[in-house]
Amino acid sequence: EVQLVESGGGLVQAGGSLRLSCAASGFTFDDYAKGWFRQVPGREREGVACISSHHGSTFYSDSVQGRFTISSDNATNTVYLQMNSLKPEDTAVYYCAADPYYSGTYFQRGYEMDYYGRGTLVTVSS
């Protein structure tokens, strides 16, 4: 069973930084693409960042490009999202995701992944 457990959310002032972590289990870690999505109440979930399986290519939404960095550690089966220069509009519930058949093209087209964690809340105050 695929399990994804996020941590690291919280309250931060605008301009600050946070690092989210996602502990993954139940699948062969490097065989899956991993990603971070976020959702604000009343709005659709959106992709934030994605890292491909095997090659580790990374992709970002325009709104976070240059501020956020996704990475993964195959030794610990953990996915990270380093978030810098945070803005109030980054406030959302952030979800870790995984999918064995996902690509950068899917991310750029706004496709969802197959598996999600329960999410962690990030609040950025102005």
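We count residues from 1, following the sequence as given. Here the structure is a predicted model, which is why all the values come from computation and not from measurement.
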Worked check of side-chain contact (heavy atoms from CB on, under 4.5 Å) between R38 and V93: CA-CA 5 Å; R38 66 186 182 187; V93 177; over 6 Å; no
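- Within 6.0 Å of NE2 on H54 lie more than 12 heavy atoms contributed by other residues, nucleotides or ligands.
- No donor-acceptor distance shorter than 3.5 angstrom exists from the side chain of Y101 to the backbone of A33, with no hydrogens or angles considered.
- The backbone N or O of Y106 sits less than 3.5 Å from a side-chain atom of S103, completing a donor-acceptor pair.
- Between R45 and E112, at least one side-chain nitrogen of the basic residue sits less than 4.0 Å from a carboxylate oxygen of the acidic one, meeting the salt-bridge criterion.
- Between S63 atom OG and D90 atom CG the span is 7.0 Å, to the nearest 0.5 Å.
- When the side chains of ILVMFWY residues are joined at heavy-atom separations under 4.5 Å, either directly or via intervening members, F37 and V122 end up in two distinct hydrophobic clusters.
- Remark: of the listed residues T28, V2, D114, D31, D114 is the sole one forming a side chain to side chain contact (heavy atoms under 4.5 Å, CB included) with P100.
- To the nearest 0.5 Å, atom OG of residue S25 and atom CG of residue L4 are 7.5 Å apart.
- Grouping the Ile, Leu, Val, Met, Phe, Trp and Tyr side chains by contacts below 4.5 angstrom, directly or via other members, places Y80 apart from V48.
- Without hydrogens or angle criteria, S52 side chain to S57 main chain gives a donor-acceptor distance under 3.5 Å.
- Heavy-atom minimum distance, L81 versus A49: CD1-CB, 4.1 Å.
- Heavy-atom minimum distance, G47 versus S61: O-CB, 3.5 Å.
- Closest non-hydrogen pair, Q39 versus R43, comes out as NE2-O, 3.0 Å.
- Summarising the geometry of F27 relative to A98, their closest heavy-atom pair is CZ-CB, 4.1 Å, with the distance given to 0.1 Å.
- In terms of modelled atom types and a separation under 3.5 Å, the side chain of T91 and the main chain of V124 share a donor-acceptor contact.
- Residue M113 holds its CE atom at 4.0 Å from SG of C50, rounded to the nearest 0.5 Å.
- Taking CZ of R19 as the reference point, atom CE of M83 lies at 11.5 Å (rounded to 0.5 Å).
- Atoms SG and CG, from C22 and D73 in turn, are 12.5 Å apart once rounded to the nearest 0.5 Å.
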Steps toward side-chain contact (heavy atoms from CB on, under 4.5 Å) verdict (Y115, Y32): CA-CA 10 Å; Y115 302 99; Y32 280 52; 4.1 Å; yes
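- The two residues T78 and S21 have their closest heavy-atom pair at CG2-CB, 4.4 Å.
- Tracing side-chain contacts under 4.5 Å through hydrophobic residues (I, L, V, M, F, W, Y), one never reaches I51 starting from Y102; they form parts of separate clusters.
- The hydrophobic clustering, which links ILVMFWY residues whose side-chain heavy atoms are closer than 4.5 Å, places F107 and Y116 together.
- For the pair K34 and F29, the distance from NZ or CZ to the six-membered ring centre is under 6.0 Å and the angle to the ring normal is within 45 degrees.
- Of all the heavy atoms in G8 and L18, the pair that sits closest is O-CD2, 3.8 Å.
- Taking CG of L20 as the reference point, atom CD1 of I70 lies at 10.5 Å (rounded to 0.5 Å).
- With hydrogens and angles disregarded, no donor-acceptor distance shorter than 3.5 Å links the side chain of N84 to the backbone of S17.
- Both Y111 and Y95 belong to a single network of hydrophobic side chains, linked directly or stepwise wherever heavy atoms of I, L, V, M, F, W or Y lie under 4.5 Å apart.
- Listed for the E6 side chain is a donor-acceptor partner under 3.5 Å among the backbone atoms of R118.
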